[in-house]
Amino acid sequence: MYKVVVIGSGWSGCAAALAAKKAGARVTMVEKTDLILGLGNVGGIMRNNGRFTAAEENIALGASELFAITDKLSRHVNVDFPGHAHASLYDVVKVEPHVRRFLLEQGIEIRTIARAVDVVMDETAAASGKKILKAVVLADGTEIEGDVFVECTGSTGPMGNCLAYGNGCCMCILRCPAFGPRVSITQKAGLNDVMGQRKDGAFGAFSGSGKLEKSSLSDEIQKDLNEKGVAVIPLPPEQVVKEKLDLKVCQQYALEEFADNIVLLDTGYAKIMTPFFPIEKLRRVPGFENARYVDPYAGGKGNSIRYLSVAERDNNMKVLGVENLLCGGEKSGLFVGHTEAISTGTLAGYNAARFLAGMRPLELPPQLAVGDLISFANQQIKTKDGLMTRYTFAGAEYFERMKEKGLYSTDPQVIRKRAKKYDLAGIYNEKIL
Ligand SMILES: Cc1cc2nc3c(=O)[nH]c(=O)nc-3n(C[C@H](O)[C@H](O)[C@H](O)COP(=O)(O)OP(=O)(O)OC[C@H]3O[C@@H](n4cnc5c(N)ncnc54)[C@H](O)[C@@H]3O)c2cc1C
């Protein structure tokens with residue numbers, strides 16, 4: 001049986017592994033840390049704004065399983081918070097083992113504490129000017145051979161990037177000091193990665209939220225979070241720092257309300273919607289006198305730096321310049337979000353199987369939200385302004401575009417009809433190998 005090797009097990013890697021497995025391939029997924037799901041262990045917001053449409057679209061195309069898990073584990077549904085409607089908040093404390101068990105049950109081989117540090121290229125192909133991957137090499141020297149590879153290593157870290165472009169290692173969930181730095185497989189294969197920028201031209205961007213231990217907050221805030229899923233606490237005027245909005249990865253949250261208030265969401269922890277907040281200042285806000293960060297551990301000082309390692313790809317998710325390498329998630333564009341990672345990862349995994357079957361790869365049409373996001377982000381990344389933009393169904397420029405193009409809908413029937421119209425309903429459920 002043909003083998004697909006997925007490198008990195010965030011939401012995009014999990015989605016790619018699942019899609020390739022469902023299509024009939026043998027799949028091994030390697031992950032550098034001891035947890036799968038990557039940034040999925042610290043996020044939690046789903047189905048806000050256009051992400052609702054995208055989730056339902058993936059379900060209509062046949063990629064329902066991961067959304068079923070996040071829906072089942074939602075602590076709150078239909079939550080509105082500034083600039084965002086109908087969000088679901090999954091429990092970040094519970095999600096990882098659920099996804100891991102599910103993928104293992106599907107027969108996917110998962111290797112954790114397995115950091116890919118290099119590649120083995122096919123020498124015969126190289127002699128004729130082609131790049132074909134034969135294997136990835138793990139930190140312990142093991143070679144994992146495959147017929148096709150999907151890179152889903154994300155864009156967070158390594159520590160050097162957090163030092164050079166941020167406030168140092170803030171001890172995020174990816175835990176580079178313990179498990180080793182992120183390694184770009186495209187770079188190891190001899191390609192150059194694209195680097196995202198901030199508005200001022202600096203490279204990379206700070207992650208836009210952290211987590212506080214809920215029990216360290218006042219009873220009143222805890223009650224609001226547990227009952228409503230959201231708490232909006234006005235900041236004293238001297239504490240408002242508008243410039244922080246420009247630092248954020250998450251341009252969908254770069255709204256005045258997020259500078260004037262502390263916006264908290266209940267994802268198991270109290271998710272604080274700001275890149276970082278010095279602990280002494282935070283403790284001066286009523287209700288936060290005992291506040292404590294649980295993620296990133298140094299959330300009072302900084303946050304992780306992302307978007308410095310994007311592969312050049314086509315709209316089928318194939319990396320340009322390597323014959324048998326695809327990519328998904330943040331590796332495949334300046335995308336923000338779990339839904340975006342699942343959408344791109346699923347297409348990459350599915351097309352990995354089509355590649356093995358000798359079939360033409362699937363390109364989703366721009367009449368579908370996922371197809372449009374993938375092609376729009378690809379086109380924009382080639383422009384200077386495009387490098388300073390992040391692409392998400394949840395807000396900012398892309399959500400506006402969704403609305404203008406009539407792609408945004410909260411009616412699952414309408415979304416299912418669209419998938420049918422383009423003869424794509426259930427396509428991700430087809431066994432092709
Ligand atoms: C603090 C924070 C909060 C967020 N909150 C939300 C939210 O609420 N809702 C939302 O939709 N989005 C949220 N996001 C954004 C979202 O989490 C990401 O955009 C998305 O999950 C990225 O998925 P990914 O698979 O592309 O990458 P990642 O999740 O970064 O996964 C990459 C994986 O690859 C592994 N890896 C890297 N290099 C190697 C290697 N060489 N070998 C093996 N493994 C490797 C990493 O350890 C990691 O597990 C948040 C992000 C952060 C940082």
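Just so you know, residue 1 is the first one in the sequence shown, and it goes up from there.
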State whether the side chain of Lys188 and the backbone N or O of Ser184 hold a donor-acceptor pair below 3.5 Å, judged by distance alone.
-> no
What ring-ring contact (aromatic ring centres under 6.0 Å, His included) pairs are there with at least one residue in residues 17-62, not counting sequence neighbours?
-> Phe52-His86
Tyr398 and Thr389: side-chain contact (heavy atoms from CB on, under 4.5 Å), yes or no, with the steps?
-> CA-CA 9 Å; Tyr398 188 72; Thr389 309; over 6 Å; no
Consider only side-chain N and O atoms of Ser304 and Thr156, and report whether a donor and an acceptor are under 3.5 Å apart.
-> no
Salt bridge flag under 4.0 Å for residues Lys318 and Asp314 = no
Check: Asp295 main-chain N/O paired with Tyr269 side-chain donor or acceptor under 3.5 Å = no
Answer yes when Arg51 and Glu340 have at least one side-chain N-carboxylate O distance shorter than 4.0 Å, and no when they do not.
-> yes
If a pair satisfies salt bridge (Lys or Arg N to Asp or Glu O under 4.0 Å) and one of its residues is in residues 170-181, list it, with sequence neighbours excluded.
-> Asp34-Arg175
Between the side chains of Thr153 and Lys331, is a donor N or O closer than 3.5 angstrom to an acceptor N or O?
-> no
Which residues satisfy the side-chain contact (heavy atoms from CB on, under 4.5 Å) test with Val99, sequence neighbours excluded?
-> Trp11, Cys14, Ile36, Leu37, Leu66, Ile69, Val95, Leu103
Output yes when Lys130 and Asp122 qualify as a salt bridge under the 4.0 Å nitrogen-oxygen rule, no when they do not.
-> no
Is it the case that Thr28 and Arg111 place a side-chain donor and acceptor less than 3.5 Å from each other?
-> no
Sorted by first residue and then second, give each salt bridge (Lys or Arg N to Asp or Glu O under 4.0 Å) pair with at least one member in residues 407-425; sequence neighbours left out.
-> none
Ser375 and Asn315: side chain donor to acceptor below 3.5 Å = no
Quick one: which residue pairs count as a salt bridge (Lys or Arg N to Asp or Glu O under 4.0 Å) with a foot in residues 352-364, not counting sequence neighbours?
-> none
If you measure only the distance, is there a donor-acceptor pair under 3.5 Å linking the side chains of Asn290 and Ser216?
-> no
Could I get the full list of salt bridge (charged side-chain N to carboxylate O under 4.0 Å, His left out) partners for Lys32, not counting sequence neighbours?
-> none
Qualifying ring-ring contact (aromatic ring centres under 6.0 Å, His included) pairs with a residue from residues 144-170, counting only residues at least two apart or across chains = none
Give a yes or no on whether Asn192 atom CG has more than 12 heavy-atom contacts from other residues, nucleotides or ligands under 6.0 Å away.
-> no
Would you mind listing every side chain to side chain donor-acceptor pair (under 3.5 Å) that reaches into residues 93-108, with sequence neighbours excluded?
-> Glu96-Arg100
Okay, side chain of Asn351, backbone of Pro361: is any donor-acceptor separation there less than 3.5 Å?
-> no
According to the ring-ring contact (aromatic ring centres under 6.0 Å, His included) rule, which pairs have a member within residues 411-433, sequence neighbours left out?
-> Tyr350-Tyr428
Do any pairs count as a salt bridge (Lys or Arg N to Asp or Glu O under 4.0 Å) and have a residue in residues 55-73, sequence neighbours left out, and if so which ones?
-> Lys22-Glu65, Arg47-Glu56, Arg47-Asp71
Would Phe393 and Phe399 count as a ring-ring contact (aromatic ring centres under 6.0 Å, His included) if you check the C-alpha gap in whole Å, the side-chain angles of each, and the deciding distance to 0.1 Å?
-> CA-CA 5 Å; Phe393 303 111; Phe399 183 43; 9.5 Å; no
Has Arg401 got its NZ or CZ under 6.0 Å from the middle of the six-membered ring of Phe376, at an angle within 45 degrees of the ring axis?
-> yes
Can a salt bridge be assigned to the pair Arg75 and Asp91 using a cut-off of 4.0 Å between side-chain N and carboxylate O?
-> yes
Pairing residues for Lys214 by the salt bridge (charged side-chain N to carboxylate O under 4.0 Å, His left out) criterion, not counting sequence neighbours | Asp266
Contacts of Ser155 meeting side-chain contact (heavy atoms from CB on, under 4.5 Å) (sequence neighbours excluded), chain-then-number -> Arg306, Tyr307, Glu330
